[in-house]
Each structure stands twice: as C-alpha cells, then as structure tokens.
Amino acid sequence: MTVLKTSMRNFFAHKGRMALSAVAVLLSVAFVCGTLVFTDTMNTTFDKLFAATSSDVTVSPKTAKSDSTPQNGRPDSLPASVLERAKKAEGVKYAEGAVSSMNVTVVNSANKNMGSSTGAPTIAGNWTRNDLRSMEITSGHAPRGPTETMVDADTADKHHLKLGDELRTIAVTGDFKARIVGIATFKVTNPGAAVVYFDTATAQRELLGTTGRFTNVNLSAATGVTDDTLKRNVISSIGAGAYKVQTQKEYSDENRSGVGSFMNVIKYAMLGFAGIAFLVGIFLIINTFSMLVAQRTREIGLMRAIGSSRKQVNRSVLVEATLLGIFGSILGVGAGVGLAIGLMKLMSAAGMDLSTRDLTVKATTPVIGLVLGVVVTVLAAYLPARRAGKVSPMAALRDAGTPADGKAGLVRGIIGLVLTGAGTFALFTAAHADKATDGSLVLGAGVVLTLIGFVIIGPLLAGGVVRVISAVLLRFFGPVGRMAERNALRNPRRTGATGAALMIGLALVACLSVVGSSMVASATDELDKSVGTDFIIQGNQRIVPQAAKAIETTPGLSHVTHYRDIEAKLTTPDGFSDSDGVTAADPTYAQDLHRKTTAGELTAAYGKDSMSVGSEFATKHHVKLGDTLTVAFKGGSTAKLKVAAITDDDVVIDQGARYLSTQTMRTYLPANRIPPDQIMFASAKDGQEKQAYAALKKSMEQYPQYQVRDQTDYKQELKDQIGQLLNMVYGLLALAIVVAVLGVINTLALSVVERTREIGLMRAIGMSRRQLRRMIRLESVVIALFGALLGLGLGMGWGATAQKLLALEGLKVLEIPWPTIIGVFIGSAFVGLFAALIPAFRAGRMNVLNAIATD
C-alpha cells in the first residue's frame with residue numbers, strides 16, 4: 001500500500017511531465033482501436049447489406065462467382081425452366097427470376113459516368129419482389145417497359161438525377177437508353193454501389209443478350225419452413241449438382257468472403273502503422289522515465305536509506321507506468337472511436353457511404369486497446385525502473401543524477417555493432433540473391449537487425465554525428481551554438497533514444513521513396529525501350545465491342561491492335577499443366593511492344609496454330625522451339641499449337657506472357673465465348689499524331705469508362721498512381737513522426753527542468769532570454785537532424801537493397817529521389833524548431849533567483 005501511495009503521489013506530482021508520454025500512448029491506442037472499429041463497422045455494413053439483399057434460397061449457375069464476371073463479359077445464366085421447376089418445390093412461398101450484371105456503365109445525356117468514384121460497382125438488373133427487402137420506391141414507379149429505368153436515391157442525389165432524365169447503359173451486348181421513372185431508397189446502408197433497374201424482359205435482352213434466361217432464381221420460404229429445409233426441397237425439384245443452391249447465410253457468406261479479404265488487407269496494413277507508432281512511443285516513454293528517475297535520484301536514495309527495498313523502488317516506477325498506460329489507453333479508446341467516425345465521414349465524402357448507425361464497437365476492442373497500451377508502457381518503463389532499483393542509499397548524499405555505467409555502455413555498444421554488422425551482411429546477401437522471393441526474407445531480416453542495431457548504437461553514434469552537424473550548423477551561432485552542442489552531447493544515451501524515435505519513421509519514408517522512385521524510373525525506362533505504339537486505350541472494365549468499333553473507325557490511325565487474356569489450360573510435352581491462360585493479340589502487337597526473343601521470331605508466333613512462351617517457362621519445363629503444346633480453351637475446343645518463339649522474360653511488361661494470334665483464338669473459341677478486349681493499342685499515320693490523338697479522344701467521349709493515353713500520359717498516370725500510394729503511406733507514417741516529435745518536446749521539457757539551476761546561473765552571469773531560447777532551439781534542431789541523418793541513411797540502404805530484388809523482376813533502374821530526401825532532412829530541422837517552442841518559452845520565463853535556489 002505504501003508503494004502504491006508513493007507511486008500515486010509521484011504520478012500526480014509530475015503529471016505535466018507525463019502528459020506528452022500519455023499523448024503518445026493515446027495516439028497509438030487510438031490508431032489501433034480506430035482501425036478495429038472502422039473495419040468492424042465496414043463488415044457490419046456489408047453483412048447487413050448482403051443479408052437484406054439475399055433471398056431465403058438462391059439458385060445460380062454452378063460456375064457463377066459473386067466477385068467476378070466471365071471472360072466474355074456476360075453474366076453466367078440459367079434457363080427459365082429452372083424457375084418453373086423450383087416453383088414446384090415443397091415449402092416455396094414464391095419464386096422469381098432475377099437478372100443482374102456488374103459489367104455495365106451508366107452515363108447521363110452529357111456522357112458523364114454515373115458510377116461510383118471509389119471503385120464500387122455499378123449494378124444493373126430487373127426489379128423484383130426480393131429487392132423490397134432492401135429498398136423502397138420513394139418517387140415514381142418501377143420500370144414497366146424498354147424505355148423506363150429506376151435508380152437508387154444515393155446515385156440520384158450524387159449526380160443530381162430526377163424523374164424524366166435520360167440514361168444510357170453500356171453493356172457488352174450494346175448500348176440502350178431509358179428515362180428515369182422511379183427512384184428507390186436503400187433501407188440499409190449502401191456502401192457506394194450505383195444501382196439501376198429495368199423490367200425483366202429489357203434486363204434479359206440488354207444485359208444477357210437473350211430472353212428466357214436469368215442470372216439466378218430467388219425463392220422465399222413459406223411460414224414454418226427453414227432455409228435448410230427449403231434448400232433440400234429445391235435440390236430435389238431441380239436436380240442435384242446441376243446448379244448452385246444456397247441458403248441466405250451461405251449466399252451472404254460467399255459475398256462477404258470477397259469483401260472480407262479486402263478489409264483484412266486494410267486492417268492489417270493500418271495495424272502495422274499503429275505498431276510503428278507504438279515502437280516510436282516506446283522511446284518516448286523510456287526517455288521520460290529515465291529522466292524522471294535521474295531527477296529523483298536523491299529522493300530514491302532517501303527512500304532506500306529509510307528502508308525501501310530495490311523491489312519496492314522498482315515496483316513504484318512500474319506502478320507509475322501502469323497508471324500512465326491506463327490513463328493514456330482509456331483516452332485512446334475513446335479517441336479511437338472518434339477516429340473511426342472521422343474515417344467514415346471521410347469515406348462518405350469520397351463516395352463510399354457509411355452510416356454511423358452501423359458503428360460497431362466490439363467488447364474486445366477496448367480490451368485490446370487497454371491491454372496493449374498498458375503492456376507497452378510497462379515494458380518501456382522496465383529498464384528505467386530497474387535502474388531506479390539500483391540507486392544506492394549513498395546517492396542521497398550526492399547531487400541529482402547517476403553516473404553512467406561504463407561497463408553497460410561497452411556491452412551495449414558491442415551488441416549494437418554485432419547486430420548492425422549482421423543486418424548489413426543480410427542486406428548484402430539479399431542484394432545478391434538469385435530469386436526475389438528468397439531475397440525478400442533475407443531483406444526483412446536485414447531491415448529488422450539494422451534497425452535494432454542502430455537503435456542500440458545510437459548513443460555511440462551521437463557523439464560523432466552531433467559533432468559533425470554542429471561543426472556545419474552551430475559554429476555560426478558562436479558561444480550559444482557551442483553550448484547547444486554540449487547539451488546535446490551531455491547525455492548521449494538520451495540523445496540517441498530521442499533521435500532513434502525520429503529515425504524509425506524517416507527510415508521508412510526514405511526506403512519507400514527510393515522504392516517508389518525506382519519503380520517509376522524503371523517502368524518509364526521499360527516503356528521508352530519496348531513500347532512502340534502511340535496510344536493505349538483501357539479502363540476498369542473490358543472494352544465493349546461498340547467502343548472497340550469506335551476506335552477502329554477513328555481517322556488518322558495506321559493500325560489498331562486488339563489484346564485479350566484468354567482462359568485456357570496449357571499442357572507441355574513433359575505432362576505439366578497450368579491454367580494461367582494465354583494472350584491473344586493481333587500480329588501488329590509485335591510492333592506495339594518490342595519483345596526480345598531467346599529463340600525464334602515473335603512474328604511467327606502469330607501464325608496459324610502457333611504461339612510463344614516465356615523463357616522462364618521454357619527453361620523450367622524443357623520446352624524448345626518447334627515443340628507442340630496442348631491448349632484447352634475454356635468454353636471452346638482443344639488445340640495443338642507449335643512453339644514458334646520463346647520470349648525473353650527479363651522485362652516488366654507482359655512478363656511470362658504466352659502469345660497467339662486473334663485468328664488462332666477464333667478458330668478454337670465460339671463467337672459467344674470470345675471476351676472483349678482487355679486493352680487496345682493504336683498507332684497514328686506518320687505526321688498525324690496530334691490529329692489522331694484528338695480524334696481518338698473524340699471517338700471515346702461516349703465511353704467515359706475508358707481512357708485514351710499517349711506514352712507521356714501513360715508515364716504520368718503511372719507516376720501519379722505510385723505517388724498517391726506513397727502519399728497514403730506517408731500519411732499513416734505521419735502518426736509515428738508526430739509521436740517522435742512529442743518525444744523531442746518531452747525530452748527538452750524534462751531537460752529544462754533537470755537543468756533549472758544551471759539555467760538560473762547562466763541567466764545570472766549575463767545570458768539573455770533570447771540567447772537561452774536560441775540555445776534550446778538549436779539543441780532541438782541538432783537532435784532532430786541527428787535522427788534524420790541516421791533514418792534517411794538507413795532508409796536509403798533498405799530502399800537500394802529492395803531495388804536490387806525488384807531488378808530480378810525487371811525493374812532495373814535505381815533512382816534516389818534526392819529532392820525528397822533533402823526536403824525531408826531540411827524539414828527535420830523545422831520539426832526540431834517546432835518541438836523546442838514550448839520548452840524554450842518555459843525556460844525563458846524562469847525566475848532567475850528561484851532557478852538558482854532550486855535543489
């Protein structure tokens with residue numbers, strides 16, 4: 001009880017000094033809890049949506065998948081006779097056929113895409129009784145003929161649609177127009193999908209290309225009949241094995257699995273950044289308690305002198321850490337819920353509608369936050385607590401502060417150097433790996449070992465690095481600069497720990513910057529060397545035939561190339577089979593993409609019953625020029641194709657592709673199974689590049705789901721995509737950097753308290769308040785630049801090693817983004833200045849006499 005009372009007294013006596021450490025715990029716990037609440041809420045939203053839109057029992061084609069569209073762009077369907085047989089099953093209240101397609105684009109009269117901007121699908125189908133489970137018509141009426149359509153209220157609000165407006169639906173079967181006669185509102189949260197409805201006959205004809213077929217049959221169970229019972233009865237009625245029959249739960253689970261895998265990626269990525277923030281926070285907590293223990297050396301010595309044992313002193317510090325962890329974690333849990341709500345509002349503003357009505361805070365979430373926050377805080381405080389327990393009673397007779405343990409510093413240095421050396425060797429080994437998959441594991445080990453090594457030897461490096469930085473930067477500030485340097489060097493362990501917190505975040509920033517820049521530079525270099533086409537046309541969906549025809553008829557083009565991925569099973573002479581498919585393209589593709597061959601000529605692969613394979617595939621399966629491969633086309637017949645070329649796989653674009661001609665594809669695939677183009681290429685006639693580019697843009701105005709790019713556009717798009725990804729990562733890493741800044745502030749604040757008498761003496765002998773504040777600011781800048789220098793150097797080493805592995809996948813150009821690196825380094829100086837504002841201000845306001853009199 002005495003230990004608890006003492007700990008409580010010390011905790012509240014130094015609550016101001018604990019505040020920033022509590023903020024670090026709060027931020028880290030908030031990020032973890034916010035991530036869990038956000039992803040749980042997303043899952044709840046989709047669960048409710050799938051449950052509301054699923055019938056009691058659903059019958060669908062056996063090959064149908066909830067998260068994919070067949071290669072021909074038309075949804076899998078079943079005959080209407082299945083509906084008639086299903087109706088006769090015992091226990092059916094009512095049954096109806098449904099038509100649904102996600103491979104559509106809906107545009108308004110100005111050819112503006114009415115779909116979601118977040119990647120959510122546009123869903124077109126017929127209005128059924130089952131839709132009344134999840135929607136209600138709030139304006140107008142359901143569609144009754146081929147010229148009528150109904151849209152969901154969210155889409156109508158976003159795009160300012162009203163009754164009477166004309167919409168054009170673009171499907172693989174053709175374009176058709178209809179006027180809005182109704183608006184339906186979701187009863188549950190719609191995460192952002194755009195939904196349009198037609199009458200059944202129109203949906204069948206325009207979306208499936210035929211009448212008398214449905215994508216699925218929805219059945220409602222009669223009163224007292226369970227879903228499982230109805231499922232068994234339906235199977236007995238329509239026959240077992242011919243179709244997929246699912247209960248509402250099974251159908252919902254199948255839909256949920258695709259969303260769940262995507263949500264898990266988001267969840268674990270965000271938790272990874274929260275872990276980095278926790279790691280940085282550990283240094284802040286260690287520094288806080290180390291300095292508090294040092295400042296209370298006399299107090300601890302007196303406690304030992306009057307009978308407190310080492311365990312009691314140790315326990316006292318750990319109890320303080322526990323209180324800090326509990327306090328910060330409780331606030332963090334609340335902040336996490338607020339963060340989740342903020343993320344939901346942000347997603348809603350971006351187009352993915354998420355309602356706070358679905359906010360889900362599981363009982364495990366606050367428990368995880370509390371346990372994680374307390375455990376991390378206590379572990380971080382263990383070393384300072386152990387050091388406090390070693391304070392002898394005689395320390396009460398000395399000034400505050402404990403002498404450094406030289407032996408411990410030597411052991412620490414040796415361990416740090418060993419780990420750094422091992423990590424460097426691992427990075428060297430990874431850079432010289434023969435396979436990227438093997439090297440990536442070694443790279444991970446090298447990153448971890450070098451990071452830990454640098455953290456441990458930080459105090460050893462502080463002396464040399466700080467002196468170098470000071471020689472360049474602080475000499476211009478005369479005596480004040482020299483005093484700032486000595487303050488930074490006074491406690492290398494403290495400087496090393498403070499700099500390490502900033503080092504971690506900036507190391508990751510530098511690593512990702514190098515990797516991102518190298519990817520862009522490598523891809524750009526590959527485009528310059530290999531891409532010979534003038535224009536590239538592609539979108540998020542396959543190119544529908546009517547859009548392909550518009551491209552073909554564009555004036556000013558010398559040739560147009562069709563490019564399709566075809567589902568097929570390939571068997572080699574040695575009996576090996578895979579289902580990786582083949583690529584069907586026009587012979588002009590050999591001009592559009594320059595591919596080196598290790599054997600044969602690529603143009604020969606576009607001949608009758610011929611194909612090419614990649615060099616890695618050929619080597620692995622002993623395929624030689626002239627060998628015959630068996631290719632079984634999905635939905636078509638089986639062909640015997642001769643290997644007429646072996647392409648070099650030392651590329652980025654189309655690595656491992658197996659080419660054959662469009663004509664060969666047509667020989668073995670029926671017309672209704674031929675997929676639309678995945679991408680198309682076009683080249684202008686000599687001297688007509690600008691006119692052809694403008695003409696292509698004009699031809700594709702009616703199809704806003706596709707983009708026309710020349711090589712300059714394509715490179716910029718690639719750069720922008722990688723840049724957006726990096727900016728997102730930098731935003732998440734900003735949390736770790738914020739915690740690191742708090743660490744610098746806390747270190748300086750506690751350092752000012754520790755040097756109160758010294759500051760009073762300096763002021764007494766003539767140092768002005770301005771000079772004092774400048775000294776503290778310069779000390780902060782030096783510490784920040786020390787951490788930045790270590791972090792950026794370490795990160796560039798990681799990034800360069802990662803690029804060596806990427807080179808094995810064809811990304812051969814190493815590019816160091818010097819403007820970013822230099823900008824971050826200079827920005828670190830401003831971070832240091834910002835961190836020093838409050839400590840410097842407090843130091844400048846000290847009363848000189850009171851400071852001198854401080855014990």
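No donor-acceptor pair under 3.5 Å is formed between the side chain of Gln705 and the backbone N or O of Ile170. Side-chain atoms of Ser612 come within 3.5 Å of backbone atoms of Tyr659 as a donor-acceptor pair (strictly under, hydrogens ignored). Using modelled atom types, one side-chain atom of Ser440 and one backbone atom of Thr437 make a donor-acceptor pair closer than 3.5 Å. Put simply, the side chain of Thr603 never gets that close to the backbone of Glu601: no donor and acceptor are under 3.5 Å apart. In terms of modelled atom types and a separation under 3.5 Å, the side chain of Arg564 and the main chain of Ala584 share no donor-acceptor contact. With Asn190 contributing its side chain and Ala193 its backbone, the two residues share a donor-acceptor pair below 3.5 Å. Side chain of Thr561 to backbone of Met680: no donor-acceptor contact under 3.5 angstrom is found. Judged by distance alone, with hydrogens and angles left aside, the side-chain atoms of Lys640 form no donor-acceptor pair with the main-chain N or O of Leu629 at under 3.5 Å. Ser522 places a side-chain N or O within 3.5 Å of a backbone atom of Ser518 that can act as its donor or acceptor partner. Under a 3.5 Å cut-off, the side chain of Thr554 and the backbone N or O of Ala550 do form a donor-acceptor pair.
Smallest separation of non-hydrogen atoms from Met114 and His159: O-NE2, 3.2 Å. The two residues Tyr706 and Val544 have their closest heavy-atom pair at OH-N, 3.0 Å. The two atoms that bring Ala178 and Pro146 nearest to each other are CB-O, 4.3 Å, heavy atoms only. Of all the heavy atoms in Leu557 and Ile551, the pair that sits closest is CD1-O, 3.5 Å. Closest approach of Pro555 to Ala695, counting heavy atoms only: O-CB, 3.9 Å. Considering every non-hydrogen atom in both Ala124 and Leu207, the closest pair reads O-CD1, 3.6 Å.
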Checking side-chain hydrogen bond (donor to acceptor under 3.5 Å, both in side chains) for the pair Asp609/Tyr668: CA distance, chi angles, key distance, verdict?
CA-CA 10 Å; Asp609 289 342; Tyr668 299 100; 2.8 Å; yes
What verdict does the salt bridge (charged side-chain N to carboxylate O under 4.0 Å, His left out) test give for Glu567 and Arg673, after you've listed the backbone C-alpha separation in whole Å, the side-chain angles of each residue and the deciding distance to 0.1 Å?
CA-CA 10 Å; Glu567 295 180 58; Arg673 300 296 299 180; over 6 Å; no
May I have the step-by-step check of side-chain hydrogen bond (donor to acceptor under 3.5 Å, both in side chains) for Thr210 and Gln204, ending in yes or no?
CA-CA 6 Å; Thr210 184; Gln204 289 175 320; over 6 Å; no
Can you list the steps and then say if Thr664 with Ser661 is a side-chain hydrogen bond (donor to acceptor under 3.5 Å, both in side chains)?
CA-CA 5 Å; Thr664 298; Ser661 71; 2.9 Å; yes
Does the pair Asp565 and Val582 meet the rule for a side chain to side chain contact (heavy atoms under 4.5 Å, CB included), with working shown?
CA-CA 6 Å; Asp565 283 339; Val582 293; over 6 Å; no
Step by step, would you call Val531 with Ile653 a side chain to side chain contact (heavy atoms under 4.5 Å, CB included)?
CA-CA 9 Å; Val531 177; Ile653 302 173; 3.9 Å; yes
Side chain to side chain contact (heavy atoms under 4.5 Å, CB included) for Gln711 and Asp534? Distances and angles first, verdict last.
CA-CA 7 Å; Gln711 290 198 32; Asp534 292 323; 5.5 Å; no
One pair to check against side-chain hydrogen bond (donor to acceptor under 3.5 Å, both in side chains): Thr598 and Ser615. What are the steps and the verdict?
CA-CA 7 Å; Thr598 59; Ser615 56; 5.4 Å; no
Working note: Tyr197 + Thr149, criterion side chain to side chain contact (heavy atoms under 4.5 Å, CB included); need CA distance, chi angles, decisive distance, verdict.
CA-CA 6 Å; Tyr197 293 101; Thr149 186; 5.5 Å; no
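A donor and an acceptor atom, one from each side chain of Gln716 and Asp720, are located under 3.5 Å apart. For the 3.5 Å distance criterion, the side chains of Thr662 and Asp586 qualify, holding a donor opposite an acceptor. Between the side chains of Thr571 and Ser577, at least one donor N or O sits under 3.5 Å from an acceptor N or O. In the model, Tyr251 has no side-chain atom that pairs as donor or acceptor with a side-chain atom of Ser60 under 3.5 Å. Judged by distance alone, the side chains of Asn108 and Glu166 never bring a donor and an acceptor atom under 3.5 Å apart. When only modelled atom types and interatomic distance are considered, Lys596 and Thr647 share no side-chain donor-acceptor pair under 3.5 Å. Of the N and O atoms on the side chains of Asp677 and His562, at least one donor lies less than 3.5 Å from an acceptor on the other residue. Looking at Glu206 and Thr173, their side chains never bring a donor and an acceptor atom within 3.5 Å of each other.
Looking at heavy atoms from C-beta onward, Pro676 lies out of side-chain contact with Ile543 at the 4.5 angstrom threshold. Side-chain atoms of Leu570 and Thr572, non-hydrogen and from C-beta on, do get closer than 4.5 Å to each other. Between Lys642 and Asp627, the closest side-chain pair of non-hydrogen atoms is not below 4.5 Å. When side chains are defined from C-beta on, Val560 does not count as touching Phe681, because their heavy atoms never get closer than 4.5 Å. A heavy-atom distance below 4.5 Å is not found between the side chains of Thr169 and Thr122. Contact annotation: the side chain of Gln803 never approaches that of Leu811 to less than 4.5 Å [non-hydrogen atoms, C-beta and beyond].
Atoms CE and CE, on Met611 and Met665 in that order, are 14.0 Å from each other to the nearest 0.5 Å. With rounding to the nearest 0.5 angstrom, the CE atom of Met42 is 5.0 Å from the CZ atom of Phe46. One finds the CG atom of Leu726 at 6.5 Å from the OG atom of Ser513 (value rounded to the nearest 0.5 Å). Atoms CG and OG1, from Asp76 and Thr215 in turn, are 9.5 Å apart once rounded to the nearest 0.5 Å. Interatomic distance, CG of Leu49 versus OG1 of Thr45, reported as 8.5 Å (0.5 Å rounding).
In this structure, Glu526 does not pair ionically with Lys715, as no charged nitrogen and carboxylate oxygen lie closer than 4.0 Å. Comment: Asp649 engages Arg595 in a salt bridge, judged by a side-chain N to carboxylate O separation of less than 4.0 angstrom. By the 4.0 Å N-to-carboxylate-O rule, Asp574 lies too far from Lys620 to be salt-bridged with it. Using a 4.0 Å cut-off between a side-chain N of Lys or Arg and a carboxylate O of Asp or Glu, Lys812 and Asp650 qualify as a salt bridge. Using a 4.0 Å cut-off between charged nitrogen and carboxylate oxygen, Lys158 and Asp154 do not count as a salt-bridge pair.
By the 6.0 Å contact criterion, CG on Asn540 is open, its count of non-hydrogen atoms from other residues, nucleotides or ligands being 12 or less. Heavy atoms from other residues, nucleotides or ligands lying under 6.0 Å from CG of Asp686 number 12 at most.
In this structure, Arg168 forms a cation-pi arrangement with Tyr703, its terminal cationic atom sitting closer than 6.0 Å to the ring centre and no more than 45° off the ring axis. Cation-pi contact between Arg709 and Phe535: absent, since separation from the ring centre below 6.0 Å together with deviation from the ring axis within 45° is not met.
A centroid separation of 6.0 Å or more is found between the aromatic rings of Tyr606 and Tyr589.
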